[in-house]
Amino acid sequence: MKDLIISLSSFSLGVFVYFYSSNFSAVGGGISNDPAYYPKILGIVMILLSVGLFISSFKNIRSAKVVLNKEIIKNMTTIIVVLVLYVQALVVLGFPISTALFTLFGIILFGGKLSTALKFFIPISGVIYLLFAILFKMPMPSGIFW
Amino acid sequence: MNFDLYTAGLTLMTAPAFFGMIMGTVVGIVIGALPGLTAMMAVSILVPVTYSLDPTAGVLMLLGVYCGANYGGSISATLVNIPGTPSAVMTTLDAYPLAKQGKAGLAIGIATMTSTLGGLFSVFTLALFSPLIASIALKFTSLELFSIGLFGLSVIAYISPGSTLKGLISGVIGLMLATIGSDPITAVPRFTFGNMNLFSGIQFIAAMIGLFGLSEVLMSFEKKSADIQKSEFYEVKDPFECFKYLKEIWGNIIRSSIIGTIVGAIPGAGGTIASIVSYAQEKKISKHPEELGKGSIHGITAAEASNNACTGGAMITLLSLGIPGDAVTAILIGAFVIHGLTPGPMLFTTNFDLVSAIFIGMFMINIFILLLGLFGAKYFARLMLVPKPIMNTVILILCVVGTYGVQNSMFDVYTMLIFAVLGYFITKLSLPKAPIVLALILGPLMESNLRRWIELANGDYFGMFFRTSLTNPIALIILMITAATLLLPFFSKKGRISEDMVGRLKEENSNL
């Protein structure tokens, strides 16, 4: 099942890359000046490999299934949404505030207790800020409030 | 032989360089000891941190992380039977059973001592051979450089778990991703979809952090494994007992170090394969193979000496050819580039003193590993008690911090998120990720050299290839080895040398 999904996806990718590359105009003559040449080769190689995998996937017809039940999809979606919100919050609230809030919710999201999250969210975000912004002088996202 | 190469670096051994080395080694051992965290993750996240350090301190810090993590995996492998890093998987076969016999200290001591000696052996090999290889590589033409890149991808596809086909698919995905951005010869934008941020291509560090940092956290979130409890640990007592056994295992150390250095030097092959090959070799020639898998110090020696010897081997290829020896050194190339350095044979002339500092630094890092391991292993082990919710949250934040720190770009952070989701699905589909890393680095090199060679051939491809091969057969030999690597799985009854061999070796141990 996994091999089948990989072979179909990579076949589609190979076809897309091959045909989309036709949009890249050559500058001057010759293969070396053709920006589409190399991506087209990759597209063809990908198509051939995916056909090979497709054929071999029938030999392992009982190959492992992809485990993606409702709970997993829900958990993954939740964490991706929280991450995107954190990244958006960085540009609005700035690093220290958004990171403190993310630490608080993140610990709970990953299965920690509320008491643990409340105990550690400020020290953790504080240490990270001190370490990277002050000690290593790394640039941190700044927002409207920081 | 120019002995200045071995002393010129002393001038760069400043306080920041020492600080970088020690800190990097400590961080590396910690990362290695914590299951779920890998050297790739740590190096990716710390590359932007090196901005604030001078190039020597930055590079040595990352090398400390690399070498430290390769060793650190043996700590959790010994104490809780979970390899801290993939390269420690063979260590679990004997270190944990030895710990169960009440000899966790001896197991840690053997792992520490043999890791150090393996690492030192590879550093000496690096110092001896890399200048020689670099002088030969200066004469390489476009065809040789393209061939070496292709060889590297074929090796990593061959050794990847699953099948060579899946490894190759993964590699081609990486090569395709490497074409995003401006064409290296004509500057025509490719696959940018009108987005200005993609004109210079995908930010490599953002992609790596997403693929190896964030996606691993997503996987561990899905698995929801329980926190490690203190009662699951074996107590570490008297690791210094290991020195009594040095005479008994010195032959094994040398053999495993040679295997590790050679495997490390092969582009694409890393510590995991080195330890598998070395362990399998020990099984073949051991006078007591029935003891392997039951707490044999020879098993620990074979695994640890080889996986740490890999580090010097991988650096041989990186420094002298500019091609990564494994996935971690692929990320190290990013660090070099950030500091305006170009790994490859020219580095020996343009940054002679830095190369020397790398030799000296890696020697010292292995000594730090010995000291930190013997005196500090039991304290590093306690970090495994940090609850996973806290650990995962901190890693997520570090991923964002590290990505943003590269070029102050929120677009890079979004790139990281996309690669994290991609990495998650790639892992779910059991497609290997390491070929993608290597291909992202090798892709531009391969394309520009291939097109350059095609330009020179001027339509007479076969003729030029055969004429060149008559006078300089290096490319022909490399391409023949590449073809053999790819075709061998179809003809060999023994099966591939890959990470899938671990299960087979475990089964053989239990049957003896």
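Proteins get letters first, then strands, A, B, ... in listed order; numbering begins at 1 in each.
At a 4.5 Å heavy-atom cutoff, the contact between A:Leu42 and chain B is made by backbone and side-chain atoms alike. For a residue to count as touching a neighbouring chain, one of its non-hydrogen atoms must lie under 4.5 Å from one of that chain's; by this rule B:Val413 touches chain A with the side chain only. Contact annotation for A:Asp34: only backbone heavy atoms (N, CA, C, O) come within less than 4.5 Å of a heavy atom of chain B. Proximity to chain B is limited to the side chain of A:Ile79, based on heavy atoms less than 4.5 angstrom apart. Heavy atoms of B:Tyr414 lying under 4.5 Å from chain A belong exclusively to its side chain.
Taken from CG in B:Leu165 to CD1 in A:Ile55, the straight-line distance is 9.5 Å, to the nearest 0.5 Å.
Each of B:Ile454, B:Asn408, B:Val49 has some count of heavy-atom pairs under 4.5 Å with chain A, and the biggest count is that of B:Val49. Between chain A and the residues B:Leu450, B:Ile397, B:Val188, B:Leu214, the most heavy-atom pairs under 4.5 angstrom are made by B:Ile397. Listed options B:Val400, B:Leu53, B:Leu396 were ranked by heavy-atom pairs under 4.5 angstrom with chain A; first place goes to B:Leu396.
Between A:Phe24 and B:Pro189, every side-chain heavy-atom pair lies at or beyond the 4.5 Å cut-off.
Heavy-atom contacts from other residues, nucleotides or ligands closer than 6.0 Å to CZ of B:Phe193 number more than 12.
Closest non-hydrogen pair, B:Leu218 versus A:Met76, comes out as O-CE, 3.3 Å.
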Can you give me every donor-acceptor pair (side chain of residues 101-128 of chain A, partner residue at least two apart or in another chain, under 3.5 Å) with its distance?
| residue | atom | partner | partner atom | Å |
| --- | --- | --- | --- | --- |
| A:Thr103 | OG1 | A:Thr99 | O | 2.6 |
| A:Ser125 | OG | A:Phe121 | O | 2.5 |
| A:Ser125 | OG | A:Ile122 | O | 3.3 |

Solution key, residues 166-185 of chain B side-chain donor-acceptor pairs under 3.5 Å, sequence neighbours excluded:
| residue | atom | partner | partner atom | Å |
| --- | --- | --- | --- | --- |
| B:Lys166 | NZ | A:Asp3 | OD1 | 3.0 |
| B:Ser170 | OG | B:Pro432 | O | 2.4 |
| B:Thr179 | OG1 | B:Met176 | O | 2.5 |
| B:Ser182 | OG | B:Phe199 | O | 2.9 |
| B:Asp183 | OD1 | B:Arg190 | NH1 | 3.3 |
| B:Asp183 | OD1 | B:Arg451 | NH1 | 2.4 |
| B:Asp183 | OD1 | B:Arg451 | NH2 | 3.4 |
| B:Asp183 | OD2 | B:Ile185 | N | 3.4 |
| B:Asp183 | OD2 | B:Thr186 | N | 2.7 |
| B:Asp183 | OD2 | B:Thr186 | OG1 | 2.5 |
| B:Asp183 | OD2 | B:Arg451 | NH2 | 3.1 |

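Between A:Phe132 and B:Tyr404, the ring centre distance reaches or exceeds 6.0 Å.
Taking B:Gln407 as the reference, B:Gln203, B:Ser409, B:Asp412 meet the side chain to side chain contact (heavy atoms under 4.5 Å, CB included) condition, with sequence neighbours excluded.
At a heavy-atom separation below 4.5 angstrom, chain B is approached by A:Ser10, A:Leu13, A:Gly14, A:Phe16, A:Val17 within residues 9-17 of chain A.
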